[in-house]
**Q** 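One structure follows; several queries about it will come next.
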Amino acid sequence: MIREAILSENDETLTTIFQWIKAEWVYTFSTSQYEQLLQLKSSIHNEIAKASFIECIVAHENFVFSEELLKEYIQLVSIGATTELNAKPCLEDMTIMDSSYENLYLKLVELLEEEKAIRLLVMMPQVKPDSMPEKLHSFSEKLNTARRIQERSFMITSFLLIVHPQLNNYVDILALSLVYPSAEIALQDWSIQTPTSA
């Protein structure tokens, strides 16, 4: 099915297949199935399909980190071949394999426009400031500001969920994105004692 999509140059089908494999099957692939999947890389020419392919192979336990693949993927992210939501777990998986978050940090700063790099990095673990080159000091400050804003907005939305009785009923239609699915879970995490709790 994959080879047919490649031969017919049906990029939309190919992208859908890789997304489906990643979501449902890649974890159950044997080593030989995974190696067969890897052999398809040179046949994929569409950027969106390439990004989906990389996200698919990185999710497998046999993935071996490659600096070249990281650079290629970041370039695909920079042209919008995948969403930032899809890029985050893929980049994190690559970082785990490389065990060098600093390397990822530097590549993102080097290859992406500043705003996009900040949006991705703000969702990932923090890098120690002393491990970053001096030339990235200004960027690091902007990233730290974005992290503080994210933390504060997290606290505000959590507080709203706890104190506003109607908010809990309409979580699914809010313009705000809440970290907690319900007020009860927010209360437990914040260890707030209510009159009904003992």
**Q** Got a second to check how far Lys22's NZ is from Asn86's CG, nearest 0.5 Å?
**A** 5.0 Å

**Q** Does atom CD1 of Ile79 have more than 12 heavy-atom neighbours from other groups under 6.0 Å away?
**A** yes

**Q** Taking all heavy atoms of Leu69 and all of Phe63, pick out the closest pair and write down the distance.
**A**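 Taking every non-hydrogen atom into account, CD2-CE1, 3.5 Å.
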
**Q** Please round to the nearest 0.5 Å and tell me the distance separating atom CG of Asn62 and atom CD of Gln33.
**A**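 The CD atom of Gln33 is 11.0 Å from CG of Asn62, to the nearest 0.5 Å.
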
**Q** According to a 4.5 Å side-chain heavy-atom criterion applied to Ile, Leu, Val, Met, Phe, Trp and Tyr, with indirect links allowed, do Leu76 and Phe65 form part of one hydrophobic cluster?
**A** yes

**Q** Taking Arg147 first and then Glu151, would you say they form a salt bridge - that is, a charged N and a carboxylate O separated by under 4.0 Å?
**A**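 Salt bridge: no.
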
**Q** Do Val58 and Leu91 come within less than 4.5 Å of each other through their side chains, counting heavy atoms only?
**A** no

**Q** Without swapping roles, check the side chain of Lys41 against the backbone of Phe53 for a donor-acceptor pair under 3.5 Å.
**A** no

**Q** Search all heavy atoms of Asp93 against all heavy atoms of Ala59 and return the closest pair with its distance.
**A**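 Looking at all heavy atoms of both residues, the closest pair is OD2-CA, 4.1 Å.
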
**Q** Within this structure, what is the CG-CG distance for the pair Leu120 and Leu85, rounded to the nearest 0.5 Å?
**A** 10.0 Å

**Q** With no hydrogens and no angle check, do the side chains of Glu67 and Asn103 hold a donor and an acceptor under 3.5 Å apart?
**A**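 Checked: Glu67/Asn103 side chains pair up, N/O donor to acceptor below 3.5 Å.
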
**Q** For the residue pair Lys107 and Ile74, what are the closest heavy atoms and their distance?
**A**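 Taking every non-hydrogen atom into account, CB-CD1, 3.5 Å.
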
**Q** Looking at CG of Leu38 and OG1 of Thr31, how far apart are the two atoms once the value is rounded to the nearest 0.5 Å?
**A**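 If I round to the nearest 0.5 Å, the distance is 10.5 Å.
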
**Q** Roughly how far apart are Lys71 NZ and Ser66 OG, rounded to 0.5 Å?
**A** 11.5 Å

**Q** Looking only at non-hydrogen atoms, find the nearest pair between Ser140 and Tyr105 and report the distance.
**A** OG-OH, 2.9 Å

**Q** Supply the atom-to-atom distance Arg148 CZ to Leu143 CG, rounded to the nearest 0.5 angstrom.
**A** 10.0 Å

**Q** Just by modelled atom types, is the Ala49 backbone N or O under 3.5 Å from a matching donor or acceptor in the Ser52 side chain?
**A** no

**Q** Where is the tightest heavy-atom contact between Ala81 and Ala51, given as atom of each residue plus distance?
**A**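 The pair with the smallest heavy-atom distance is O-CB, 3.9 Å.
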
**Q** With heavy-atom distances below 4.5 Å as the criterion, would you say the side chains of Glu55 and Phe18 are in contact?
**A**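 Heavy-atom side-chain distance check fails, nothing below 4.5 Å.
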
**Q** I'd like to know if Met94 and Leu111 are part of one continuous hydrophobic network [Ile/Leu/Val/Met/Phe/Trp/Tyr, side-chain heavy atoms within less than 4.5 Å].
**A**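 Yes, one cluster joins them.
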
**Q** Ring-plane angle category for His60 and Phe29, please: parallel below 30°, perpendicular beyond 60°, tilted otherwise.
**A**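 Judged by the thresholds at 30° and 60°, the geometry between His60 and Phe29 is tilted.
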
**Q** Are any non-hydrogen side-chain atoms of Leu136 and Leu106 less than 4.5 angstrom apart?
**A** yes

**Q** Honestly curious: do Trp20 and Ile48 fall in one hydrophobic cluster under the side-chain, below-4.5 Å linking rule?
**A**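 Result: no, two separate clusters.
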
**Q** Any non-hydrogen side-chain atom of Leu104 less than 4.5 Å from a side-chain atom of Leu70?
**A** yes

